[in-house]
Amino acid sequence: MQSQYNMTTDFTAQCYVLIKQIPEGRVTSYKEIAKALNSRAYRAVGSAMAKNKDLITIPCHRVVKSDGKVGGYALGTETKIALLEKEGVKIKDKEVQDFDTLLFRFET
DNA sequence: TCTTTACTCAAGG
DNA sequence: CCTTGAGTAAAGA
């Protein structure tokens, strides 16, 4: 995409920027993030999150797996689910309900 | 450089 | 349903 602005930003930082754009009550998948970065580094996204400590500035709990499963979270999957449900996201057995509707897609 | 990882997809059982 | 293997990029040993 050779973005509008310089791509000097790190891959990890790019992930954070995208995640911060997710509105409450919505979620996105690791794949969507990777795709938004014109990459296939699904794992790198999760890996970056795992190291991330800025749970306040970066709502990584809004990032779930592509198949609707919640995925992991630094504070535990249960915590992640609790946060999402507070924002209006229904979750059943670690799976996001109406995932396709709630999925926030970035511009392609 | 090799291994592991908050991942994804396809194929085989 | 399950497990493997391949693909992929970053962090740690």
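Below, chain A is the first sequence line, B the second, and so on; all start at residue 1. As the structure is a prediction and not an experimental result, all values here were calculated from the model.
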With sequence neighbours excluded, give me every salt bridge (charged side-chain N to carboxylate O under 4.0 Å, His left out) pair touching residues 35-46 of chain A.
A/E32-A/K35

Using a 4.0 Å cut-off on protein heavy atoms (strictly under), produce a 5'-to-3' string for nucleotides 7-13 of chain B with B for base contact, S for backbone-only sugar-phosphate contact, and - for none.
BSS----

Does A/F99 reach the side chain of A/D67, with side-chain heavy atoms less than 4.5 Å apart?
no

Contacts under 3.5 angstrom, residues 76-83 of chain A side chains, donor-acceptor by atom type, not counting sequence neighbours:
{"from": "A/T77", "atom 1": "OG1", "to": "A/G71", "atom 2": "O", "distance (Å)": "3.3"}
{"from": "A/T79", "atom 1": "OG1", "to": "A/L75", "atom 2": "O", "distance (Å)": "3.0"}
{"from": "A/K80", "atom 1": "NZ", "to": "A/V63", "atom 2": "O", "distance (Å)": "2.5"}
{"from": "A/K80", "atom 1": "NZ", "to": "A/V70", "atom 2": "O", "distance (Å)": "2.9"}
{"from": "A/K80", "atom 1": "NZ", "to": "A/G72", "atom 2": "O", "distance (Å)": "2.9"}

Output all residues satisfying ring pair (Phe, Tyr, Trp, His ring centres under 6.0 Å) with A/F104, sequence neighbours left out; order by chain, then residue number.
A/F106

Taking N or O atoms only and anything under 3.5 Å, show me the protein contacts with nucleotides 11-13 of chain C, one pair per line.
{"from": "C/dG12", "atom 1": "OP1", "to": "A/K51", "atom 2": "NZ", "distance (Å)": "2.0"}

Could you tell me how far apart A/N38 (CG) and C/dA9 (P) are, to the nearest whole angstrom?
11 Å

Could you provide the dot-bracket string of DNA chain B, using ( ) for intrastrand pairs, [ ] for crossing pairs and | for bases paired to another strand, with Watson-Crick or G-U pairs below 3.5 Å?
|||||.|||||||

Mind checking what makes side-chain hydrogen bond (donor to acceptor under 3.5 Å, both in side chains) contact with A/K69, not counting sequence neighbours?
A/E95

Filter on ring pair (Phe, Tyr, Trp, His ring centres under 6.0 Å), then keep only pairs touching residues 44-89 of chain A, sequence neighbours left out; what's left?
none

Strand-adjacent residues in residues 96-107 of chain A, judged by heavy atoms under 4.0 Å from DNA chain B:
none

So side chain to side chain donor-acceptor pair (under 3.5 Å) across residues 97-106 of chain A, not counting sequence neighbours, yields A/D100-A/R105

For DNA chain B, determine which residues of residues 78-89 of chain A have any heavy atom closer than 4.0 angstrom to one of its atoms, and list them numerically.
A/K80

Enumerate the residue pairs fulfilling side chain to side chain donor-acceptor pair (under 3.5 Å) with a member in residues 19-31 of chain A, sequence neighbours excluded, ordered by first and then second residue.
none

